[in-house]
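Data first, discussion second: the structure below is written as structure tokens.
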Amino acid sequence: MTENIQTAHQNIYKPAIMKIVARHDEAPGVRTMKLEFQNPAEHELFKQNYRTGMFGLYGVYGEGESTFCVASPETRNEYIEFTFRQSGRVTTALANSDIGDLVTFRGPYGNRFPIENFYGKNLIFVSGGIALPPTRSVIWSCLDQREKFGKVTIVYGARTVADLVYKHELEEWERRDDIDLVLTVDPGGESPDWKHRVGFVPTVLEQAAPAPDNCIAVICGPPIMIKFTLMSLKKLGFDESNVYTTLENRMKCGVGKCGRCNVGSIYVCKEGPVFTAAEVSKMPQADL
Amino acid sequence: MTRILLSDKLDNCVARWRKAGLTVIGPVKKETFSSYATVENAAEFDLGLVMPDRSIKGLFFPQTEPMVHYSIKKQAIETRDFTPPSEKRIIFGARPCDASGLAIDDPLFGWDYKDDFWFQRRNETVIVTIACTKADDFCMCTSLKLAPDSTKGSDILLRPLQNNRGWQVEELTDRGREAFKEIADLLQDGSEPAAAVAVVPEKFNLDACVAWLQNPENFDSTFWKEISMRCIGCASCTFLCPTCHCFDFQDEGDTFTGIRRKNWDSCSFALFTMHTSGHNPRATQSARWRQRIMHKFNYFPGKFNVNSCSGCGRCSRQCPVDMGITETLQAISTLQP
Ligand SMILES: Cc1cc2nc3c(=O)[nH]c(=O)nc-3n(C[C@H](O)[C@H](O)[C@H](O)COP(=O)(O)OP(=O)(O)OC[C@H]3O[C@@H](n4cnc5c(N)ncnc54)[C@H](O)[C@@H]3O)c2cc1C
Ligand code: SF4
Ligand code: FES
């Protein structure tokens, strides 16, 4: 699934300069930024290569680079959106950056969700917390060509109502009648006016009980959620090869050289970050 | 008849190469350690070393190296790319294991995305290797299916003469032939026999080890805990290794101006794989040592068809707690696949 890409630079570690053109606070400590390329040649290369599921290294000179998925869909490649949780050095520097400021981007790297293989099938997206960004990229890539897919179900949960990200898009999806949206928060995380489900994602998924036939599941979330969601999908009769997920190993180079992102023999930056559950279960579990 | 280079002509050769614009590098003993270093004349070489303490790696993949220079102005970032300075070099007296190490890492730095920092230096450097006539207890090239006179990664192979007066010259590549044209008139025909190469006994059965490593059940074997108990995670072995290639980026400077550097890093360090969340896939020293062995003899060959070890033995030779690849693979040899 790996695509062969060489960046425009001779120096493969030199990033492109990007301008922050919009930003949006999603949840406490979680922010989305919209970036535009400054160099048309670099933008052109991005447009040629970007497919949903790929990631990039976003950076602030003086602080370093961090890995985030490209949260915008492949069907909207005039810009790059990414969503991050402020947690360390680079993300703090990004959080302190304002509209008009310049940051850096290297990518797109990694493999993709093979959505053309999903044509004609029902889709169920399951995600938790801040892991909606990678899912959101696939969701929009599919919704922008809605007619090519069957039933679309989105199950999304967070610890509390405040922790749900992309609230404006959740509302939009809720209004559409060609999408089934199931929202949930963990017990105790509901607000007085919360009118959706209360319960953990895997439980709510089992209640929604999507039929496994002709259905592709895409799940992204914290490792613990993925673990239990996989068990639920198995119970519902899903085949592991129809379930897709992403891995988030620590990365530096993004291009298969720095040696840190591997799980067993698999380099997540090159052969991932998108894997089927069948592929993940073949990996040495202790290395995940 | 073969072409012969006599030792007493070597100083002339160094002068010729320098005159032709080549930087001449070779094994040099310094006060506290030996390494491949730039010389001005042949007297500086120490060709009697089994091998320099430091491997050849740093000449192609330096311990620290600038990637990008940045300076941030209001609403503008100016960057200056660093490419390695164009410098034609000749390394005289490389060891076959060191030269092989470079060839082993070529596919890694070249797959898909090409790291020109590595390849520019590779393309501009002539490697003149001298076959080994002596070895020490740690040498293990033969266990890796290489030999004291392997030609892998070399442009010229020199075989020491029995009478110790010089070397037989084997030209292996165009790059080597080109460099030796400069000294063509300093060579002579001769029929002196070459000295026997060093005897390096096989230390372990590589095929048996690889079979054990490839069995997924052994990933969780208690063997890993036992063998790595005394590892203090100092990373010396990875830094000394000619094939270990892990690195990190660090920005050096302030918010306005500075340099992004590529630095050697090591799978022996806990922080190497630690996520910001605190989760660490390789949280224990045994998981990290398993990674190193698996990477060299299972994952890397799976991708690039070659083991990521050339048998120099530096990891065991210089390990402060006397463990290394040899000890580990010897122990694995005794296990049931
Ligand atoms: C393919 C992929 C996609 C990701 N997508 C997102 C996303 O969309 N949104 C989001 O909030 N987070 C995402 N992450 C996790 C994110 O990369 C880390 O949380 C982030 O790097 C923390 O950076 P920091 O510099 O603030 O933290 P520090 O702890 O200061 O980080 C220091 C260094 O460690 C690296 N690092 C630390 N943890 C991780 C990690 N889990 N993964 C990769 N590198 C790490 C950073 O790149 C940085 O260079 C993703 C990770 C991967 C591998
Ligand atoms: S692992 Fe040890 S013996 Fe093998 S190349 Fe590296 S330092 Fe030499
Ligand atoms: S991130 Fe460097 S090898 Fe994968």
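Every chain is numbered from 1 and lettered A, B, ... according to where its sequence line falls, protein lines coming before strand lines.
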Contacting region of A/V60 [heavy-atom separation from chain B under 4.5 Å]:
backbone
If we only count heavy atoms from C-beta on, is the B/F117 to A/N11 side-chain gap below 4.5 Å?
yes
Are A/K252 and B/D265 ion-paired here, with the side-chain N under 4.0 Å from a carboxylate O?
no
Can you tell if the side chain of A/N262 reaches within under 4.5 Å of the side chain of B/Q291, non-hydrogen atoms only?
yes
Which answer fits B/I72, side chain, backbone, both or neither, if we ask what part of it has an atom under 4.5 Å from a heavy atom of chain A?
side chain
When you measure from the side chain of A/K257 to the backbone of B/Y113, do you find a donor-acceptor pair of N or O atoms at a distance under 3.5 Å?
yes
Is A/E63 close to chain B through its backbone or its side chain, or both, or neither, when contacts mean heavy atoms under 4.5 Å?
backbone
Decide yes or no for B/N280 and A/R250: does some side-chain heavy atom of the first lie under 4.5 Å from some side-chain heavy atom of the second?
no
Specify which of A/L288, A/D287, A/L102 makes the most heavy-atom pairs with chain B at under 4.5 Å.
A/D287
Which answer fits A/C253, side chain, backbone, both or neither, if we ask what part of it has an atom under 4.5 Å from a heavy atom of chain B?
both
Determine, using ring centers only, whether A/Y13 and B/F247 are less than 6.0 Å apart.
yes
Please check if any side-chain donor atom of B/D220 sits under 3.5 Å from a side-chain acceptor atom of A/Q285, or the reverse.
no
Side chain, backbone, both or neither: which part of B/F249 has a non-hydrogen atom closer than 4.5 Å to chain A?
both
So, do B/Y299 and A/Y267 have ring centers that fall under 6.0 Å from each other?
no
Under 4.5 Å from any heavy atom of chain A, what part of B/F219 do you find: side chain, backbone, both or neither?
side chain
pair A/N249-B/P281: side-chain heavy atoms closer than 4.5 Å:
yes
Hey, does the side chain of A/K270 reach the backbone of B/W111 with a donor-acceptor pair shorter than 3.5 angstrom?
no
Assert top hit (heavy-atom pairs under 4.5 Å, partner chain B, pool A/C258, A/P223, A/G59, A/G100) equals A/C258
Within the 4.5 Å heavy-atom criterion, are A/Y61 and B/V68 side-chain neighbours or not?
yes
Residues B/M67, A/K14; criterion side chain to side chain contact (heavy atoms under 4.5 Å, CB included); working and verdict:
CA-CA 7 Å; B/M67 301 278 108; A/K14 186 187 173 191; over 6 Å; no
